[in-house]
Amino acid sequence: MEFFKQVDLDWMGKAKYFFALSLALLVVGGASLIKNGGPYYGIDFKGGTVVDVRFAGPPPIDTIRNGLTQQGIVNATIVPVSDISNPNSNEVLINLEEKGQGSEALDAGKASILNALHATLGSGEAGKQDFNAAGASTIADVLVRRDPLSLGANAADRYTQLAKQIVDFRDKSHGGVITNLNDVSAVGANPAVIAALRDAFYTSNFAIVNVEIVGPKVGSELRRQAVVVTIYALMGMLVYIAFRFEWVYGAAAVLAVFHDVLITLGLFSIFHFEISLTVIAALLTLVGYSMNDTIVIFDRVRENLRLMRREPFAAIVNKSINQTLSRTILTSGLTFLTVVVLYLMGGEVLRAFAFAMVVGVVVGTYSSFGIAAPIVVVWNKYRGQGAAISAGSAAEKRVAAAARR
C-alpha cells in the first residue's frame, strides 16, 4: 500500500530546521530537569510506599491531604486514578517516599498512611474487621464459626462458596466498596448470614485495594541497572549498524536514539510523570522502534547508492526517505493510534508507560529522517564527498570503482 507516489520532498534542505526544533526541545527539557533536580523517580527507583485506596463516592482529596498533614505526613502525594473508560473510578494512589532504611521504616510508612486514613475517614467499630478489606477466606471462617444456616458438618464447603460469591459481588459489582451489608443479599445471603456478618464486620466508605513497598536500596539498584541496560542496548545497536553499514551510520542512529530518549525524559519532567520500571520498558521499546525505522531508511540509501552513483549524496538520501514514506506512515500511524488508545483508556497504572510510547513513536519516527539521516549527510559533506559514496563492504567499493573506470 502506498499513500504517496513520486514524492519529491527535499528533506535534507530542511535539516537546519529539524536540528533547531530538536535543540529547542532538548533545551526546554534539560531546563525542566535541572529545575526539578533530575527526573521524577517513582517508588520503584526511590523507595517508599504506595497505597491504593478506593472510595464508594468521589474521593475527598482535600480531606485526605489535611488528614495526612495532621498526622505529620507532609511528603506524601495523592494521585487521582481515572481514565476515559472509567472517569469515575473513585480511586486514589497515596505515595510516600521513605527516607529511612530497612523494613522497619517501610512498615512504619505503611502504618502511618493507614492510621491517617482511619483517623480521618473513620476507623470503624471496636472489635470488628473492615468488611471491604476482608478476603474470601476470612469471611468464610467467620461464617463457619457462627454457622448461621445451621449446616453442621457440611458448613465449610457451603460457606467457602458463599464467601467467594460475596467477595466477587463486592469487588466486581461495587468496585470493592460496600457501605451496607444488606447489599450482599443479592448473591443469596439471607438475613441470618447478614446478621452474622454484621456481628463480625463493619463497613466503611473506602477500601485499601493494594499496598506496595519498595526499599530505598532496592530502588537504587534498580535505577543503576536500568541505566546499564539502556547503555548496553545502544552499544549493541551501534556495533550491529557499524558492521552492516559503516560506522558513521551506526553513530548517527545511536545519536538519534539518544536524542529520542533525552527528549522523552525532558517531556516527562515537564508534565511531571514518574520514571518507573514500566517506563524503562517503554524507553527500551522506543530505542528498538526508532532504530528499526532508521535502519529501513539507511538500507534504502544503500540500495540507491548502487543505482544512483552519479547523484549527490543528499539527493540519494532524499530519494530514499521519499520511497519509504508510505511505509513509515503505515507503521508509525497504526502504532501511534494504538498507544494513544492505551494512554486514554489504559488507566493510571499504565499512564506513564503509554505517554512514553506516544512520545517515542512521534519522536522516534521524526528522528529517523530529521536527525539520523542529516547527520550522515553532514558527515559526508564534511569529508568532501558530496557525490554518492558506497555504504557497502570493501568488495562492493572495489567493484564500484572498477565500474567507474
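- In this pair, F206 and F55 present their aromatic rings tilted. The plane angle is within the 30 to 60° band.
- Pairs engaging residues 134-153 under the side chain to side chain donor-acceptor pair (under 3.5 Å) rule: D147-Y159 [sequence neighbours left out].
- Within the model, atoms CG of L25 and CG of L267 stand 7.0 Å from one another, a figure rounded to the nearest 0.5 Å.
- The list of salt bridge (charged side-chain N to carboxylate O under 4.0 Å, His left out) pairs with a residue in residues 170-197, not counting sequence neighbours, is empty.
- If you check the side chains of S320 and N304, you find a donor sitting under 3.5 Å from an acceptor.
- When side chains are defined from C-beta on, F298 counts as touching V376, because their heavy atoms get closer than 4.5 Å.
- The main-chain N or O of I178 is found under 3.5 Å from a side-chain atom of N132 such that the two form a donor-acceptor pair.
- Cation-pi geometry between R351 and Y343 is met: under 6.0 angstrom from the ring centre, within 45 degrees of the axis.
- When side chains are defined from C-beta on, I231 counts as touching M235, because their heavy atoms get closer than 4.5 Å.
- Shortest non-hydrogen contact noted between H174 and F169 is CE1-CZ, 3.1 Å.
- Summarising the geometry of T179 relative to A56, their closest heavy-atom pair is CG2-CB, 3.7 Å, with the distance given to 0.1 Å.
- A256 and A372 get closest at one heavy-atom pair: CB-CB, 3.8 Å.
- Between S185 and I194 the shortest heavy-atom distance is CB-CD1, 4.0 Å.
- At a threshold of 4.5 Å between non-hydrogen side-chain atoms, the residues I166 and L197 count as touching.
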After noting the C-alpha distance and the side-chain angles of L68 and R65, does the key distance pass the side-chain contact (heavy atoms from CB on, under 4.5 Å) rule?
CA-CA 5 Å; L68 293 174; R65 184 177 290 108; 5.7 Å; no
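- Of the candidates T331, V296, D299, I329, V296 is the only one forming a side-chain contact (heavy atoms from CB on, under 4.5 Å) with T324.
- Contact check for N36 versus S32: side-chain heavy atoms found under the 4.5 Å cut-off.
- Atom CD of Q161 and atom NZ of K164 lie 9.0 Å apart (nearest 0.5 Å).
- Using a 4.5 Å cut-off on side-chain heavy atoms (C-beta onward), Q129 and Y202 make no contact.
- Side chains of T49 and V51 form a contact here, defined as non-hydrogen atoms less than 4.5 Å apart.
- The main-chain N or O of G288 is never found under 3.5 Å from a side-chain atom of N292 such that the two would form a donor-acceptor pair.
- Annotation: side chain to side chain donor-acceptor pair (under 3.5 Å) contacts involving residues 187-199, sequence neighbours excluded, comprise N182-R198.
- Screening residues 277-294 for salt bridge (charged side-chain N to carboxylate O under 4.0 Å, His left out) gives D293-R327 as the qualifying pairs, with residues at least two apart or on separate chains.
- Note: E274 CD to F353 CZ = 16.0 Å, rounded to the nearest 0.5 Å.
- To the nearest 0.5 Å, the span separating CG on L325 from CH2 on W11 amounts to 5.5 Å.
- Aromatic rings from F271 and F355 are positioned such that their centres are separated by under 6.0 Å.
- We find the CG-CE distance between D260 and M291 to be 9.0 Å, quoted to the nearest 0.5 Å.
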Verdict with reasoning, L149 to V193, per side-chain contact (heavy atoms from CB on, under 4.5 Å):
CA-CA 7 Å; L149 300 178; V193 172; 3.8 Å; yes
I275/L265 under side-chain contact (heavy atoms from CB on, under 4.5 Å): CA gap, chis, key distance, verdict:
CA-CA 9 Å; I275 304 295; L265 291 177; 3.9 Å; yes
side-chain contact (heavy atoms from CB on, under 4.5 Å) between I139 and F201, worked out:
CA-CA 9 Å; I139 296 175; F201 298 99; 4.0 Å; yes
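- Nearest heavy-atom pair across G67 and T120 is CA-OG1, 3.2 Å.
- The main-chain N or O of D10 is never found under 3.5 Å from a side-chain atom of N318 such that the two would form a donor-acceptor pair.
- In this structure, E311 CD and L305 CG are separated by 11.0 Å, a value rounded to the nearest 0.5 Å.
- Among residue pairs with one or both ends in residues 22-31, those qualifying as side chain to side chain donor-acceptor pair (under 3.5 Å) are S22-H259, S22-Y366; sequence neighbours excluded.
- The nearest pair of heavy atoms linking P59 to V92 is CB-CG1, 3.7 Å.
- S204 places none of its side-chain heavy atoms less than 4.5 Å from the side chain of L121.
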Acceptor/donor pairs from residues 356-365 side chains to any protein atom, 3.5 angstrom cut, sequence neighbours excluded:
{"unit_1": "T365", "atom_1": "OG1", "unit_2": "S332", "atom_2": "OG", "d": "2.8"}
{"unit_1": "T365", "atom_1": "OG1", "unit_2": "V361", "atom_2": "O", "d": "2.7"}

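- Listed for the R300 side chain is no donor-acceptor partner under 3.5 Å among the backbone atoms of I297.
- More than 12 heavy atoms of other residues, nucleotides or ligands sit less than 6.0 Å from atom CZ of F19.
- By the 4.5 Å heavy-atom criterion applied to side chains, V301 and Y249 are counted as neighbours.
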